[in-house]
S.K.: 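Next up is a structure, given as structure tokens.
Being a predicted model, the structure only gives us computed values, none of them experimental. Per chain, numbering begins at 1; letters A, B, ... match sequence-line order.
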Protein chains: 2
Amino acid sequence: MSKSEGTAPPQKRTPASDERFHLSNRLLFRLFKTANIMHTAGTKWTSELKMTSQQWSVVGALARPGYEEGVSVNELSKFLMVSRQNVNGLLMRLEQHGISQRVADPRDGRAKLVQLTPEGWILWRQLIRRISEFYDVALASFTTEELVQFQYFIDKLQRNLGTILK
Amino acid sequence: MSKSEGTAPPQKRTPASDERFHLSNRLLFRLFKTANIMHTAGTKWTSELKMTSQQWSVVGALARPGYEEGVSVNELSKFLMVSRQNVNGLLMRLEQHGISQRVADPRDGRAKLVQLTPEGWILWRQLIRRISEFYDVALASFTTEELVQFQYFIDKLQRNLGTILK
DNA sequence: GAATATATGTAAATATATTGACATTAAATG
DNA sequence: CATTTAATGTCAATATATTTACATATATTC
């Protein structure tokens with residue numbers, strides 16, 4: 001994003017669209033920055049568990065009730081909204097740490113099912129406590145109504161962005 | 001983030017904190033996903049200009065009025081809230097494309113000043129138009145009040161996360 | 001002014017994330 | 001049923017992002 005907060009807007013614009021541009025610019029730049037430090041802070045928060053914040057989301061996806069038997073790489077990719085290749089890399093590193101494993105999918109000869117190892121389940125129980133504490137800090141002083149509204153905005157943005165990627 | 005939306009919350013929790021956990025989890029997971037596709041969509045939006053969305057923010061920072069003479073690597077790092085090393089990498093690639101250059105900082109023998117090349121300025125003028133269009137799509141249907149409120153939430157989150165990284 | 005502490009930019013190593021590619025398997029088409 | 005098209009997971013290449021490290025320059029302390 002052109003997250004340059006003092007950026008001159010494109011020419012031939014009215015003062016109203018100038019203002020809109022500045023608001024938009026400031027907003028999305030701050031979103032970019034905040035998302036970034038969210039990863040950095042999250043990874044720091046669980047550094048003793050040697051888990052990055054991105055790995056939280058993979059392990060969390062595998063730990064969902066009803067998915068214990070396994071989740072395909074493709075499903076993970078769609079659920080996390082990251083590429084299959086990125087999921088593959090994330091899984092490789094989780095496997096190196098003994099946290100997850102892949103087994104053949106009996107219903108589809110091409111596919112694999114990813115599941116937590118027993119060790120992974122033990123880790124998950126520690127991790128979820130730390131994550132919960134992280135949420136408390138990150139979202140300190142947000143009222144429930146604010147959380148709901150914040151999420152509404154994020155969803156609307158995501159929907160709009162989705163039209164670009166279709 | 002444990003962006004697993006069906007995650008079991010940590011034990012020994014009241015139903016109220018259960019609900020709070022789920023709200024928090026859902027919110028931050030969606031933020032993670034949305035920030036991700038914001039980069040992907042942004043990069044796609046300016047693919048003919050061969051610019052990634054992350055590069056927008058560097059070029060935009062250099063194009064700010066009052067900073068034309070140059071910005072130090074360290075300043076860029078702080079402004080963009082990314083590491084100096086990451087800025088260094090981003091600049092290397094911009095330089096390869098002739099968009100920016102580095103000159104010695106006359107006031108500090110250790111430092112460099114980064115500035116846009118003449119070619120970079122020409123690119124910037126094209127880029128800012130495309131970026132503005134992107135904003136219109138990404139933030140379609142947001143009222144001005146919603147933009148302001150959204151930004152308020154992001155800022156609050158950023159502040160909270162900042163306490164972790166201090 | 002000398003010694004100590006800090007700042008600056010860049011190298012190295014590792015993790016994340018994308019696109020393009022491809023071999024294999026499954027689904028769709030005629 | 002044969003052919004064509006699409007899906008799945010993994011490889012390769014490239015960009016982003018972090019931490020650790022270090023040589024050099026600057027600032028602070030005494």
Side-chain angles (χ1 to χ4, degrees), chain A residues 1 3 32-47 50-58 70-78 80-97 99 102-114 164-165, chain B residues 1 3 32-47 50-58 70-78 80-97 99 102-114 164-165:
Chain A
M1 326 282 126
K3 333 282 177 60
F32 160 65
K33 291 195 283 192
T34 302
N36 237 12
I37 66 172
M38 186 168 70
H39 280 308
T40 307
T43 296
K44 180 175 179 179
W45 193 259
T46 51
S47 57
K50 303 221 173 27
M51 291 285 281
T52 65
S53 67
Q54 291 91 346
Q55 287 168 1
W56 299 3
S57 62
V58 179
V71 190
S72 74
V73 174
N74 206 43
E75 268 183 77
L76 281 175
S77 167
K78 285 196 272 191
L80 301 173
M81 293 173 100
V82 295
S83 65
R84 290 170 298 156
Q85 296 81 349
N86 187 24
V87 169
N88 189 43
L90 282 158
L91 291 176
M92 297 281 270
R93 286 178 291 275
L94 286 179
E95 280 159 35
Q96 278 163 20
H97 293 128
I99 295 170
R102 287 184 255 204
V103 296
D105 181 345
R107 299 159 309 182
D108 184 335
R110 301 165 299 186
K112 295 280 178 69
L113 291 179
V114 187
I164 293 170
L165 292 176
Chain B
M1 325 282 125
K3 333 280 176 61
F32 161 65
K33 291 197 281 193
T34 301
N36 236 14
I37 66 174
M38 185 167 69
H39 280 308
T40 307
T43 297
K44 181 176 179 178
W45 194 258
T46 51
S47 58
K50 303 225 176 24
M51 291 286 281
T52 66
S53 68
Q54 291 89 347
Q55 287 167 4
W56 300 2
S57 62
V58 179
V71 190
S72 74
V73 174
N74 205 43
E75 268 182 77
L76 280 174
S77 168
K78 285 196 272 190
L80 301 174
M81 293 173 102
V82 294
S83 64
R84 290 171 297 155
Q85 295 80 357
N86 187 27
V87 169
N88 190 42
L90 283 158
L91 291 176
M92 297 282 268
R93 287 178 290 273
L94 286 178
E95 280 159 33
Q96 279 165 24
H97 294 130
I99 296 170
R102 286 183 256 205
V103 297
D105 182 345
R107 298 158 309 183
D108 184 336
R110 300 166 297 185
K112 295 283 178 65
L113 291 179
V114 188
I164 293 171
L165 293 175

S.K.: Closest to the Gln85(A) side chain: dT8(C), dA12(C), dT10(D)?
M.R.: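 The nucleotide sitting nearest to the side chain is dT10(D).
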S.K.: Considering only side-chain heavy atoms of Asn86(A), which listed nucleotide, dT18(D), dT18(C), dA25(D), is closest?
M.R.: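 Comparing dT18(D), dT18(C), dA25(D) against the side chain of Asn86(A), the answer is dT18(C).
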S.K.: It should be established whether Gln54(B) places a side-chain nitrogen or oxygen under 4.0 Å from OP1 or OP2 of nucleotide dA17(D).
M.R.: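 Indeed, a polar side-chain atom of Gln54(B) lies that close.
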S.K.: Within this structure, what is the CG-to-P distance between Leu113(A) and dT25(C), rounded to whole angstrom?
M.R.: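 Rounding to the nearest Å, CG of Leu113(A) and P of dT25(C) are 16 Å apart.
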S.K.: Return the value, rounded to whole Å, for the distance between atom CG of Asn88(B) and atom P of dT19(D).
M.R.: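 After rounding, the reported distance stands at 16 Å.
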S.K.: Across the strands shown, which category fits Arg102(B) at heavy-atom distances under 4.0 angstrom: base, sugar-phosphate, nothing?
M.R.: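 It contacts sugar-phosphate atoms only.
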S.K.: For Ile37(A) and dT16(D), give me the distance from atom CD1 to atom C1', rounded to whole Å.
M.R.: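 Interatomic distance, CD1 of Ile37(A) to C1' of dT16(D): 17 Å.
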S.K.: Working to the nearest 0.5 Å, report the span between CZ of Phe32(A) and CE of Met81(B).
M.R.: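 The distance works out to 10.5 Å.
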S.K.: Thr52(A) has a side chain; which of dT16(C), dT18(C), dA17(D) sits nearest to it?
M.R.: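 Comparing dT16(C), dT18(C), dA17(D) against the side chain of Thr52(A), the answer is dT16(C).
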S.K.: Has Ser83(A) got a side-chain N or O lying under 4.0 Å from the OP1 or OP2 atom of dA17(C)?
M.R.: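 False: Ser83(A) side-chain N/O out of range (4.0 Å or more) of dA17(C) OP1/OP2.
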S.K.: How many angstroms lie between CD in Glu95(B) and CG in Asn88(B), if you round to the nearest 0.5 Å?
M.R.: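 It comes to 8.0 Å.
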S.K.: Nearest 0.5 Å please: distance from the OG atom of Ser57(A) over to the CG atom of Leu90(A).
M.R.: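 Between atom OG of Ser57(A) and atom CG of Leu90(A) there are 7.0 Å.
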S.K.: Starting the side chain at C-beta, find the nucleotide from dA17(C), dT19(D), dG9(D) nearest to Val73(A).
M.R.: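 Per side-chain heavy atoms of Val73(A), the pick is dG9(D).
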S.K.: Rounded to the nearest angstrom, tell me the gap between atom CZ in Arg84(B) and atom P in dT18(D).
M.R.: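 Answer to the nearest Å: 12 Å.
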S.K.: Can you tell me how far C1' of dT16(C) sits from CD of Gln96(A), to the nearest Å?
M.R.: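 Those two atoms, CD and C1', are 14 Å apart.
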S.K.: Any donor-acceptor pair under 3.5 Å joining the side chain of Arg110(B) to the base of dT8(C)?
M.R.: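 No, no donor-acceptor pair under 3.5 Å.
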S.K.: Checking contacts here: which listed nucleotide (dA17(D), dT8(D), dA15(C)) is nearest the side-chain heavy atoms of Asn74(A)?
M.R.: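 So the side chain of Asn74(A) is nearest to dT8(D).
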S.K.: Taking Thr43(A) for the side chain and Ser53(A) for the main chain, is one N or O donor matched with an acceptor at less than 3.5 Å?
M.R.: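 Confirmed, Thr43(A) side chain pairs with Ser53(A) backbone.
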S.K.: Out of dT18(D), dT18(C), dT16(C), which has the shortest distance to the side chain of Thr40(A)?
M.R.: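 When the side chain of Thr40(A) is considered, dT18(D) is the closest of dT18(D), dT18(C), dT16(C).
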S.K.: dA15(D), dT10(D), dT19(D): which one has an atom nearest the side-chain heavy atoms of Lys112(A)?
M.R.: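 Comparing dA15(D), dT10(D), dT19(D) against the side chain of Lys112(A), the answer is dT10(D).
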S.K.: Over how many whole Å does the gap from His39(B) atom NE2 to dT19(C) atom P extend?
M.R.: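 Rounded to the whole Å, the gap is 13 Å.
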S.K.: Look at the side chain of Gln55(A) and decide which nucleotide, out of dA15(C), dT8(D), dT8(C), has an atom nearest to it.
M.R.: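 Closest nucleotide to the Gln55(A) side chain: dA15(C).
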